[in-house]
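Notes to accompany the following structure.
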Protein chains: 2
Amino acid sequence: MRPGPRRSLSHAEILAAAFELLETKGFDAVSVRGVAGALGLTPTAMYTYYPNKDALLSGMVEQVLGRLEDQATDAAARPATTTAVPAPEGRRERVTALAGALRSQLVDRPGAVGLLLATPLDGPNARRFEERLLEAFADAGLDALAAGRAAHAVRVHVLGAVAFDAAETARTADGSQAADPASTVQREPAASATATLWDELEAFPLGDRSRGFADDATARFEWGLDRLLDGLFASSGAD
Amino acid sequence: MRPGPRRSLSHAEILAAAFELLETKGFDAVSVRGVAGALGLTPTAMYTYYPNKDALLSGMVEQVLGRLEDQATDAAARPATTTAVPAPEGRRERVTALAGALRSQLVDRPGAVGLLLATPLDGPNARRFEERLLEAFADAGLDALAAGRAAHAVRVHVLGAVAFDAAETARTADGSQAADPASTVQREPAASATATLWDELEAFPLGDRSRGFADDATARFEWGLDRLLDGLFASSGAD
DNA sequence: ACCTGAACACCGTTCAAGT
DNA sequence: ACCTGAACACCGTTCAAGT
């Protein structure tokens, strides 16, 4: 047996191991030591494939964006007629499909948001995604500056929304530490705005309308995106 | 001299040291060991003030949001008339002032975005900020659900935009590594969307309209926020 | 080109102990 | 209550060396 020490891994194999770690143990587990260990390598061997950890993460982001690309083209092609015409006024639908595909790609993959926020987002697939958005807004009549800003606003909304959702679910699904009911503060009820003596994290009554925040995350996202698109597409023709 | 070993620091002193570190050495330098060292403490002494690192970061976030609170009330009171009437249709201006205050608070403080993204955002000052946004949207006629989603969309836009800007400036202002001109790839020009062989980070021509992205970050933010608010405020009365 | 082993300078956190 | 010192189980990265 013993397949020999000269494995010569491919980037695809390394990224597969990295995603395996990301999905099973979370973003923090995606360390160069961690994926090296999962591949039966020494940490330093990783540096013959990627110059540093950021390059590894960028490679992962590119792969995520690549999968998204396929998914979005499928989704955009689906509701159109079977003729060759690419859905005349489907510009807004194209943006919605693109944004939704990115979001679903990220929420499917716990910890993937950290990836997108930790990395420059300048690879070929990232640029292709950007190009798709620009195209849709240019088709709608926005000039180059406005289209660039509109595409940026959409990216910001998707990534920001997923980051918020991830922070929320990370807090509620945190199994490592239970709430501590032994609260001993409560003094000074009306502190100034710049007060810093707040140190009991679980002492809040959790407000009025905070229930049902996790289950309608998708509806909340779509509603917000729709409002944003209302504003963005109106900025072309309504003057 | 020698003031004795029983210092008994206040939370304010600890947070001041933490912000000092954040501004001078960046987000990664804000470690419990780091701020302990800056205070002349042993790392373990920090655990008598905060149960863990997240609690420290939450304390910092609260202080940032507290400063923002004061700033936003000033800004909102400024453009109104000097009479006691709080600007009748200034709901949109209030949201703009709040969002702008949060953004400026974050861009002034390099690394502070990491804070907001790493922390649950559930402290008293965070809730007060949320309440202000809800108030403005409720005044505009949105029902509770829509107002909550609108407030969320604004938060998402501000934090997402600052996170993007931070990633951009971190890349351009990165003094530790220069671009490597010795590129040896270039083979396989039309790779599939799921290809993963992209490993030369600097090999891109940096596209068509990518110049002038950093200097108009504020204009881009304000434009996107304005479009979002167009959509959000239109969702109340236009049907 | 790919890989190992030792090392450097870090992390967050816990535990036993001192005052 | 506040603090120290030692320790555990990690990080990213570099360097010298082997094949």
Side-chain angles (χ1 to χ4, degrees), chain A residues 2-14 17-18 21-22 25-60 111 114-115 118-119 170 174 176-177 180 182 184-185 197 199-201, chain B residues 2-14 17-18 21-22 25-60 111 114-115 118-119 170 174 176-177 180 182 184-185 187 197 199-200:
Chain A
R2 191 156 76 69
R6 47 196 67 250
R7 282 287 311 284
S8 199
L9 270 12
S10 72
H11 280 202
E13 288 172 292
I14 294 173
L21 268 156
L22 182 72
K25 315 214 174 156
F27 181 67
D28 288 349
V30 184
S31 61
V32 348
R33 290 178 117 104
V35 337
L39 291 163
L41 288 181
T42 241
T44 51
M46 290 289 298
Y47 287 83
T48 55
Y49 295 99
Y50 296 97
N52 49 49
K53 188 187 179 178
D54 276 358
L56 210 204
L57 296 184
S58 293
M60 296 177 74
L115 237 52
T119 220
D174 191 357
S176 59
Q177 47 187 2
D180 180 16
T184 47
V185 258
L197 32 90
D199 53 349
E200 287 292 325
L201 292 170
Chain B
R2 192 156 75 69
R6 48 195 66 251
R7 282 286 311 284
S8 198
L9 269 14
S10 72
H11 280 203
E13 287 172 292
I14 294 173
L21 268 155
L22 182 71
K25 315 214 175 154
F27 181 66
D28 288 348
V30 183
S31 61
V32 349
R33 290 179 117 104
V35 339
L39 291 162
L41 288 180
T42 241
T44 51
M46 289 290 297
Y47 287 83
T48 56
Y49 295 99
Y50 296 96
N52 49 49
K53 188 187 180 178
D54 277 356
L56 210 204
L57 297 183
S58 293
M60 295 176 75
L115 236 52
T119 220
D174 191 357
S176 59
Q177 47 186 1
D180 180 16
T184 47
V185 258
R187 61 238 170 109
L197 33 88
D199 55 348
E200 287 293 325

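Heavy atoms only: backbone and side chains are in, while hydrogens, waters and symmetry mates are out. Below, chain A is the first sequence line, B the second, and so on; all start at residue 1.
Taking every heavy atom of both residues into account, Ala36(B) and Pro43(B) meet most closely at CB-CA, 3.8 Å. Nearest heavy-atom pair across Tyr49(A) and His11(A) is O-NE2, 3.5 Å. Nearest heavy atoms, Tyr47(A) versus Val32(A): CE1-CG2, 3.8 Å. Of all non-hydrogen atoms in Ala18(A) and Val30(A), the two that sit nearest each other are O-CG2, 3.9 Å. Among all heavy-atom pairs drawn from Leu39(A) and Ala17(A), the shortest one is CD2-CB, 3.7 Å.
Side-chain atoms of Ile14(B) and Leu41(B), non-hydrogen and from C-beta on, never get closer than 4.5 Å to each other.
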Dot-bracket encoding of pairs in DNA chain D, which uses [ ] for pseudoknotted crossings and | for another strand, Watson-Crick or G-U under 3.5 angstrom: ||.|||||...|||||.||

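For dC3(D), the OP1/OP2 oxygens have no side-chain nitrogen or oxygen of Thr42(B) closer than 4.0 Å. The shortest distance between the side-chain N/O atoms of Tyr49(A) and the OP1/OP2 oxygens of dA1(C) is not below 4.0 Å.
Scanning for side chain to side chain donor-acceptor pair (under 3.5 Å) contacts around Ser10(A) gives Glu13(A), with sequence neighbours left out.
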Stepwise side chain to side chain contact (heavy atoms under 4.5 Å, CB included) test for Met60(B) and Thr119(B): CA-CA 10 Å; Met60(B) 295 176 75; Thr119(B) 220; over 6 Å; no

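Per the geometry, CG belonging to Leu41(A) stands 17 Å off P belonging to dA1(C), to the nearest Å. Counting to the nearest Å, the C1' atom of dA1(C) and the OH atom of Tyr50(A) are 16 Å from each other.
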Summary of protein contacts for nucleotides 8-18 of chain C, nucleotide by nucleotide, where a base hit scores B, a sugar-phosphate-only hit scores S (4.0 Å, heavy atoms): ---BBBBB---

